[in-house]
4 protein chains.
Amino acid sequence: MGQKRILSPVSDERGQRMRDLEARERILSTTLRMLGALGYSRLSIGGIAQEAAVGKATIYRSWANKAALVLDAVRVQLPEVPVADIGDSKEEIVAVAETLAEIYGSPKVRLVLPALVSDAAADPDLGRRLREELIEQRKKQSVVVLDRAVERGALPQDTDISAVLDMWAGLMLFRSLFYSVSLDKQSVRNLVSATLASPPRTTSGDQPPAG
Amino acid sequence: MGQKRILSPVSDERGQRMRDLEARERILSTTLRMLGALGYSRLSIGGIAQEAAVGKATIYRSWANKAALVLDAVRVQLPEVPVADIGDSKEEIVAVAETLAEIYGSPKVRLVLPALVSDAAADPDLGRRLREELIEQRKKQSVVVLDRAVERGALPQDTDISAVLDMWAGLMLFRSLFYSVSLDKQSVRNLVSATLASPPRTTSGDQPPAG
Amino acid sequence: MGQKRILSPVSDERGQRMRDLEARERILSTTLRMLGALGYSRLSIGGIAQEAAVGKATIYRSWANKAALVLDAVRVQLPEVPVADIGDSKEEIVAVAETLAEIYGSPKVRLVLPALVSDAAADPDLGRRLREELIEQRKKQSVVVLDRAVERGALPQDTDISAVLDMWAGLMLFRSLFYSVSLDKQSVRNLVSATLASPPRTTSGDQPPAG
Amino acid sequence: MGQKRILSPVSDERGQRMRDLEARERILSTTLRMLGALGYSRLSIGGIAQEAAVGKATIYRSWANKAALVLDAVRVQLPEVPVADIGDSKEEIVAVAETLAEIYGSPKVRLVLPALVSDAAADPDLGRRLREELIEQRKKQSVVVLDRAVERGALPQDTDISAVLDMWAGLMLFRSLFYSVSLDKQSVRNLVSATLASPPRTTSGDQPPAG
DNA sequence: AAGTAAACGAGACGGTACGTCGTGTCTTCCG
DNA sequence: CGGAAGACACGACGTACCGTCTCGTTTACTT
């Protein structure tokens, strides 16, 4: 049960033996290819096995179910959030938001994420992995940039950074899921500008305009 | 055999005669009950039929598939967005946002929405119904209140109302899906305050604080 | 839509409704055909289902496993033991023995019986059915003829009729299983003659030659 | 489960490898033990390998398949047919028949023989080994005794010795397979007496009582 | 009131996919 | 360097549902 390997190193000193790394790669790439061709629901473990010239047991040996397999296949395809310090917080944040828009607006995520979230309802481990490996990881990187903005005074001390990021991601995901669009660069810039001007804060009470 | 049916036959939304309204009700309520007990994925048409003491064909006669049935079952349970003019736009908007938080944060939506969105990838009609009957309908009501706020000057003329609403809904849904929480009243109030202070706008370029 | 089903529904031996007798017939005949072509071990439920254009569940609905299905398929093919009184016990018995030789020497039985007996080791119900429906039924018919021979004085009163029949069947089966031959008519006649001359008896102690 | 090797592999002083022999013995004895515990069908090569703390390849190196392994394991357990000349043909033959009854009535044979015969249908080599190493070998020994009886005049010159032996073996096997019993000593004696009094013969035509 | 046609419960039907198991071969790694 | 350990491709197993279909049986509308 549970995932057995996360990374695909050449040799795993104490983990499971995976003789044929080639098989693993073939499975993951076949999964991605068929996912694009068939969508998540018509994707089947048996079909992937056949297409990848692999026994079903070989798939089940490494992944507990279709969701875990697809999660692994998609995860490695996502772009990294840029965290480099370029001196200008506004521009750093815009870059972060553009990457988030790219991620949450990508067809792959649109195709896969709802299915995974749905399956996660009956599979707590999948839910945990989704949250930790997909969501939180990107968020942790984004927080680095926003924290720096707070330090620089580009954002108030009591900015609810988590709310800011979830709000942005939420908007992007919402648009992606229900309208099949991703935020264009201008909209991202407007969104960032508006939020920087007056972000949600952690302290209660009415809030004056940021400044 | 005692007399059972009291209600007279009417047409259902597909325009077909539905002799046994009681059966329809039994199907919908059984669906909701089993949905709570089993989750979406373990829910089956056959199981609902058996539990509701109804033939499978009776279900298929009214709904094309599990998703359509569940959509109907859940739709009627959702609260209405309050659009009444109470004189205070801020309070009206907070009431709207609280209702949205209740909807998107409810366990039922959390359980069902990702599955429906997922299924919609292979069923355009389902996607359309999801958007029109679940999303847009609430949004249309919310827009009424926000439009009134613009008229009153509580929001700038070029406020991107759609972005505001999708951003709020996105945040609520995001939190619900990945963290299984719904926004508490204080957070909603903070969110509304921050957004009113500086909402996203449709015009491009840097934006000064709203005022 | 052309009418297809002519036969009325009946109950199968499991007491379940079997709507489509046509399917049942198709399954049984396909089983026999593939049994001849592949042998028992290479026969598979899935293969039969595919070949018979039938769902696997339809087979499992009526038969617990491959053995039960094959038993049913083969059972109905076996010839009846002739029990008619033709006045001459010797000739009646020879006719019985020839039928037994035909049964136990037939390729179908040779192919199937060891497999069924083997499976019966782990399936008591199959063992019971084998004994009752294949073995005992033929034996009961044969006993009629031998009992008549005892009445007529063609066999001694203390003839161990069961031993006689099992000995004959055993010889035929033994030759069939290990040498793939069935007893020819002359050998059957010789066997019967020898046994009639001095059959095994139920009373203990040394036996003088019959006569 | 956690049983590891106790005995260490060593070479004996003559330079012969002990490891192979030890493994071979462990495989055969494990096979017999698990055969009794699980029956033939639930027995698996993988299971035997694990239980015997042996690689599967080590088994396949010596035996082509499960049937061949089991045949070897069982073969060595069977008692020898007594062929010694004790002066009294009747008693010699009874001893032979008792041994045959012991062999064909033993639980081990009952458990294994049908499975082997069944597998032999698709494996001619197995069929040959079954016939030669199990059946014919015992039969050859038995023939020695019966031939001596013919020489002594205890049986007619034209006695169909093969038929006699197959008939006896057939009866014993038949009773074992379908009724799970072995012939008791008295029945064996009765059977031998009856057959000696009038055995099947190779010459055709009606036969007078032997004498 | 009797006749008729639809909708009904029940569930069998042909299928697809599941996740597990056993086969016989092949590879890795340990002693 | 031989062997245990077990990964591998393959394919059968028996189960769960799917969406369609066919049964008889109500039920409600016609005549």
- Message: In this structure, how many angstroms lie between the P atom of E/dA12 and the CD atom of C/E22, rounded?
- Response: 18 Å
- Message: E/dG14, OP1 or OP2 - any side-chain N/O from C/T58 closer than 4.0 Å?
- Response: yes
- Under the salt bridge (charged side-chain N to carboxylate O under 4.0 Å, His left out) rule, what pairs show up with a residue in residues 42-58 of chain C, not counting sequence neighbours? C/R33-C/E51
- Message: Taking A/L43's backbone N and O only, do any of them form a donor-acceptor pair with A/K66's side chain (distance below 3.5 Å, no angle check)?
- Response: yes
- Assign C/A53 to base, sugar-phosphate, or nothing according to its heavy-atom contacts below 4.0 angstrom with the strands shown. sugar-phosphate
- Query: Start at the 5' end of DNA chain E and walk down; is the nucleotide closest to C/A52 or to D/A64 reached first?
  - Reply: C/A52
- Query: What is the distance from CH2 of C/W63 to P of E/dA12, rounded to the nearest Å?
  - Reply: 14 Å
- Message: Please report the distance, rounded to the nearest Å, between CD1 in A/I27 and P in F/dA7.
- Response: 13 Å
- Degree of bending, the helix from E/dA1-F/dT31 to E/dG31-F/dC1 (end axes from five pairs; round to 10°): 20°
- Message: If I take atom CD in residue A/Q50 and atom P in nucleotide E/dC18, what distance separates them, rounded to the nearest angstrom?
- Response: 12 Å
- Message: I need the CD1-C1' distance between B/I48 and F/dC17, as an integer number of Å.
- Response: 12 Å
- Message: With rounding to the nearest 0.5 angstrom, report the OH to CG distance, D/Y60 to D/N65.
- Response: 8.0 Å
- Item | Within 6.0 Å of CD in C/Q50, more than 12 heavy atoms from elsewhere | no
- Task: Would you kindly say whether B/D119 and A/Y40 are connected by a side-chain donor-acceptor distance under 3.5 Å?
- Result: no
- Query: Taking atom P of E/dC21 as reference, at what distance in whole Å does atom CG of D/L38 sit?
  - Reply: 14 Å
- Is there a side-chain polar atom (N or O) of A/R61 under 4.0 Å from OP1 or OP2 of E/dG19? no
- Message: Does E/dA7 have OP1 or OP2 under 4.0 Å away from a side-chain N or O of B/R24?
- Response: no
- Spell out, as yes or no, whether a donor-acceptor pair under 3.5 Å connects the side chain of C/S29 to the backbone of C/R26. yes
- Query: Which atoms form the tightest heavy-atom contact between B/A120 and B/L126, and what is the distance?
  - Reply: N-CD2, 3.7 Å
Can you give me the N/O atom pairs linking the protein to nucleotides 11-13 of chain F at distances under 3.5 Å, or say none if there are none?
from: F/dC13; atom 1: OP1; to: C/I45; atom 2: N; distance (Å): 3.3
from: F/dC13; atom 1: OP2; to: C/I45; atom 2: N; distance (Å): 3.0
from: F/dC13; atom 1: OP2; to: C/G46; atom 2: N; distance (Å): 3.2

- Note on the structure: Between CE of B/M34 and P of F/dC17 the distance, given in whole Å, is 9 Å
- In whole angstroms, the gap separating C1' of F/dG6 from CD1 of D/I59 amounts to 13 Å
- Item | salt_bridge(C/R129, C/D123) N-O dist < 4.0 Å | no
- D/A73 versus D/T31, closest heavy-atom pair with distance: CB-CG2, 4.0 Å
